[in-house]
2 protein chains.
Amino acid sequence: MMQARRSANPLVRKLEAFTSLSEVECVALEALGASSETVPSGTDLVLEGDKPRGILLVLEGMAYRYKMRVGGARQIVAYLVPGDLGDLDAGLLDRMDHGIATFSACRVTWIEPALLTGIRRSHPKIDRTLRLGTLVDEATLREWVMNVGCRTAVERLAHLFCELFLRMDVVGLVTGNGYALPVNQAELGDTTGLSNVHVNRSLQELRRRGLIHLGGKTLTILDMPALRALAEFKPDYLHLSRHRAGLPFVSVAVP
Amino acid sequence: MMQARRSANPLVRKLEAFTSLSEVECVALEALGASSETVPSGTDLVLEGDKPRGILLVLEGMAYRYKMRVGGARQIVAYLVPGDLGDLDAGLLDRMDHGIATFSACRVTWIEPALLTGIRRSHPKIDRTLRLGTLVDEATLREWVMNVGCRTAVERLAHLFCELFLRMDVVGLVTGNGYALPVNQAELGDTTGLSNVHVNRSLQELRRRGLIHLGGKTLTILDMPALRALAEFKPDYLHLSRHRAGLPFVSVAVP
DNA sequence: CGTTGCGTTGAGAGGCTTCAACCTAGGTGG
DNA sequence: CCACCTAGGTTGAAGCCTCTCAACGCAACG
């Protein structure tokens, strides 16, 4: 075994994509996932206007941040996959300007701000890496503005699938070039600024070109180079220095 | 005079919109703008792929963050107005995933990361407020995803103008419901994901409805309530607790 | 076995883009 | 002082990408 056994805690797995952690640091982080709760799909974890309570950590499942228009239109502004953490400094805000809900059943935990602060103070490397994670979240938002701002429907979906592939791979949730995507077509529409009808047609286009297979809430990427080329996907904004993001077909299971 | 004289440093003015600063804290911040350089409009301050050098602070003028597509299309993903700071933790990144350039002639300064770290360590309130500023930057990005994702052309422009009004007002750069907007129609298009032609027609629509006046690089808002209603502008995401953001016509000059 | 959620398909409408031309103001050089 | 040049704003026309509305299929489920 060249590689150390990977932690069961997705936050540890994610941070290890940015840096190498010591045993002590891993243990400190593992404690964060100790007590967790499981919520069904479609649960509102945070409502717009709420006072933030603790820092959300997703351990299993997929969730999303969203904003609503008065007419009922919804814009999904971020996906949360296992290992993703809510805003580190959420405690500074008096009220949330957006909501968070679950795509699928999720195992989540709410971290006491003081607890996290303590860990960050006693483990500078963890602190640095968490702050780096925040920068990546911001970079991802910029990429999403780009996505809805100047890509076509097919390109937007392709880009989303490329991004999620890497983010899921980092936490070891890609198997055989596929990953769980418990998101229906209407939700993909709210993500990409498209109607559900047009999402449907664009997905057919991606399938017809032999780029993806999407069924049973699992997305499989059949031709990663072509999908990346179509989306003009440049993974640098995810800053996964230790992860072999440049390789077209990256999988965790490596000798 | 009920109100203390406002600092000449826009960063101080901005932070005072979030919290009240002591004399000592103000002095510490003022030092950051001591040495500045002036750059002409159209200057590339940071190129995509660059290694970040210092933390950018805009003192005068307007700049923007952008990303390019290979075909030459450009997406502007953020505006930087006086008082706006680049990423606090930019030093953590090895290379920038986006560029920064100036709309107009700008006075800027590059802050030594160690200097800023020192100030943050010795002044906890400044530290908190700067981190709050980062949260607001992120919230603004989410709002921009919303803007290009699910608003019409006219609504997108209206929303942008409402947001900039408040951000400029916070640093005392609104006079008579107008502010400097040194951005041409093609650039507004790259901001909102529209063609320059359609920006032109949408601006005409806003003028025709008597909502704005735009000429000579100055934007004047003629009917703020109507403009806000059109854009569904809810200023909460800017978290300007101390600023009277809720008022339709806010001006700095107050008895 | 009806209901419900979700994917799929068709047809028509509309918002926005592209291309192209033209206009205007400001700056520069002869 | 005027001719020219350039950047940027404006307008028209044609087309297409995407939306809306509506219907239908289908599998899961009580």
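So that the names make sense, note that chain A is the first sequence line, chain B the second, and so on, each numbered from 1.
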Atom CZ of A:R151 and atom P of C:dT17: how far apart are they, to the nearest Å?
17 Å
Nearest to the A:V197 side chain among D:dT18, D:dC21, C:dC19, which nucleotide is it?
D:dC21
For A:E155, is there an ion pair with B:R69 - N to carboxylate O distance below 4.0 angstrom?
yes
Rounded interatomic separation in angstrom, taking CG from A:L214 and C1' from C:dC6:
12 Å
So which nucleotide from C:dT18, D:dT11, D:dT18 ends up closest to the side chain of B:Q204?
D:dT11
Distance flag, aromatic centroids of B:W144 and B:Y79, threshold under 6.0 Å:
yes
Electrostatic pair B:R107-B:E37, nearest N-O below 4.0 angstrom
no
Heavy atoms only, 4.0 Å cut-off, all strands: where does A:G215 land among base, sugar-phosphate and nothing?
nothing
Rounded to whole Å, please give me the gap between CZ in A:F103 and C1' in C:dC6.
15 Å
Check the phosphate of D:dT10 against B:Q185, side-chain N and O only, distance under 4.0 Å to OP1 or OP2. Yes or no?
yes
Just to be sure I understand the rule, does A:R207 reach a base, reach only the sugar-phosphate, or reach nothing, if contact means heavy atoms closer than 4.0 Å?
sugar-phosphate
Rounded to the nearest angstrom, tell me the gap between atom CG in A:N196 and atom C1' in D:dC19.
10 Å
Need one value for A:G42: base, sugar-phosphate or nothing, where a base atom within 4.0 Å counts as base even if backbone is also close, heavy atoms only.
nothing
Would you say the base of D:dG12 and the side-chain of B:R201 have a donor-acceptor pair closer than 3.5 Å?
yes
Take the protein atom NZ of A:K217 and the nucleotide atom P of D:dA28, then report the distance between them rounded to whole Å.
12 Å
Taking CG from A:N200 and P from D:dC19, how many angstroms apart are they, rounded to a whole number?
12 Å
Round to the nearest Å and state the distance from B:E205 atom CD to C:dG15 atom P.
11 Å
Can you label the angle between the B:Y66 ring and the B:Y64 ring as parallel, tilted or perpendicular, going by 30° and 60°?
tilted
Residue-phosphate contact under 4.0 Å: B:N184 side-chain N/O, D:dG8 OP1/OP2
yes
Flag the pair B:E48 and B:R65 as a salt bridge only when some basic side-chain nitrogen lies within less than 4.0 angstrom of an acidic carboxylate oxygen.
no
For B:L203, which contact category applies under a 4.0 Å heavy-atom criterion: base, sugar-phosphate, or nothing?
nothing
Expressed in angstrom and rounded to an integer, what is the separation of B:L188 atom CG from D:dG8 atom P?
12 Å
